[in-house]
Amino acid sequence: MSLTAEDKAIVKAFWAKASGRAEEVGSEALSRMLAVYPQTKTYFSHWKDLSPKSAQVKKHGKTIMAGVGEGVAKIDNLNAGLLKLSELHAFTLRVDPANFKILSLNILVVFAVLLPAEFTPEVHVALDKFLAALSRALSERYR
Amino acid sequence: MVKWTEKERSTISAVWEKINIDETGPHIMARVLIVYPWTERYFGSFGDIFTVAAVLNNPKVAAHGKVVLTALDRAVRNMDDIKGVYASLSRLHYEKLHVDPDSFRLLADCITISFACKLRSSLDPQTQATWQKFLSAVVDAMSSQYY
């Protein structure tokens with residue numbers, strides 16, 4: 001299920017429209033992940049406030065979307081391009097890679113909420129493939 | 001049996017009330033076939049479903065979307081016996097239709113996303129959580145007779 005040239009073009013075009021609201025997308029996606037999949041809260045036991053409006057959620061949402069943006073920029077070689085991020089997740093954060101799917105779904109839900117006209121089925125499938133490829137790249141250094 | 005609070009029951013009803021089966025059913029079915037094209041294997045009798053344009057214009061795809069949401073309506077009306085509502089449908093999907101139950105999970109994700117397009121910010125995180133809890137119960141019930 002690798003990204004075709006068309007997939008990459010669709011992802012880049014959509015990102016051009018969405019990246020201006022990256023911070024909003026990130027904190028919304030994170031809030032939804034924490035609300036819908038409470039087991040993900042275990043990674044944030046050191047945060048005081050897990051509510052959607054909290055400064056920590058907003059800041060972390062921004063961080064996450066910066067990573068997604070990096071993925072868009074390095075879309076032609078995700079595994080190599082995101083090696084450092086993979087090492088961070090594998091060795092320091094030690095996030096179970098099953099959670100990448102969960103966050104990916106919530107990013108897609110937020111795209112649907114914020115940009116329903118642009119989030120057509122064709123865009124949906126390209127982004128779903130991209131986020132899956134991104135997740136694989138993040139899992140690269142785990143074992 | 002899944003336990004529902006009063007708040008969850010009213011949240012699910014409120015979401016469902018905003019959905020027009022004739023409008024949204026076709027969108028959901030089209031999305032499943034486009035985003036997860038391997039699901040095409042179950043619809044050999046639908047004719048051309050092999051390009052995005054074909055899927056979006058296929059009347060059998062649209063009709064099946066309405067069938068699926070009509071079945072979901074039964075679950076909304078019988079939240080305390082979702083397993084009972086879907087027992088025979090589950091058996092049918094296993095024995096006669098030979099559908100991989102992971103497909104139900106894929107369909108549930110497309111339902112959530114289609115609803116997000118329609119309801120937008122009124123599908124806030126808490127509402128999404130409750131709605132996905134409901135869909136998980138539906139997916140479990142649809143998988144329950146696979147043995």
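For residues 72-83 of chain B, the side chain to side chain donor-acceptor pair (under 3.5 Å) pairs, not counting sequence neighbours, are B:Arg9-B:Asp80, B:Trp16-B:Asp73, B:Asp73-B:Arg77.
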Compile the donor-acceptor pairs, distance criterion under 3.5 Å only, formed between chain B and chain A.
residue  : atom : partner  : partner atom : Å
B:Arg31  : NH1  : A:Phe119 : O            : 3.3
B:Arg31  : NH1  : A:His124 : ND1          : 2.9
B:Arg31  : NH2  : A:Phe119 : O            : 2.9
B:Arg120 : NE   : A:Val113 : O            : 2.7
B:Arg120 : NH2  : A:Val113 : O            : 3.1
B:Arg120 : NH2  : A:Leu114 : O            : 3.0
B:Leu123 : O    : A:Arg32  : NH1          : 2.6
B:Leu123 : O    : A:Arg32  : NH2          : 2.8
B:Gln128 : OE1  : A:Arg32  : NH1          : 2.8
B:Gln128 : NE2  : A:Asn106 : OD1          : 2.9
B:Gln132 : NE2  : A:Tyr37  : OH           : 2.8

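Contact detail for A:Ala18 and A:Leu115: the closest heavy-atom pair is CB-CD1, 3.8 Å.
When heavy atoms are compared at a cutoff of 4.5 Å, A:Met1 approaches chain B solely by way of its side chain, counted from C-beta outward. Contacts of A:Leu34 with chain B are absent, with no heavy-atom separation under 4.5 Å from either backbone or side chain.
In this structure a side-chain-to-backbone donor-acceptor pair under 3.5 Å is missing from B:Tyr94 to B:Ser144. Judged by distance alone, with hydrogens and angles left aside, the side-chain atoms of B:His93 form a donor-acceptor pair with the main-chain N or O of B:Leu89 at under 3.5 Å.
A centroid separation of 6.0 Å or more is found between the aromatic rings of B:His98 and B:Tyr42.
Within the model, atoms CG of B:Asp22 and CG of B:Leu69 stand 9.5 Å from one another, a figure rounded to the nearest 0.5 Å.
Within the 4.5 Å cutoff, the side chain of B:Lys60 has no heavy atoms near those of the B:Phe43 side chain.
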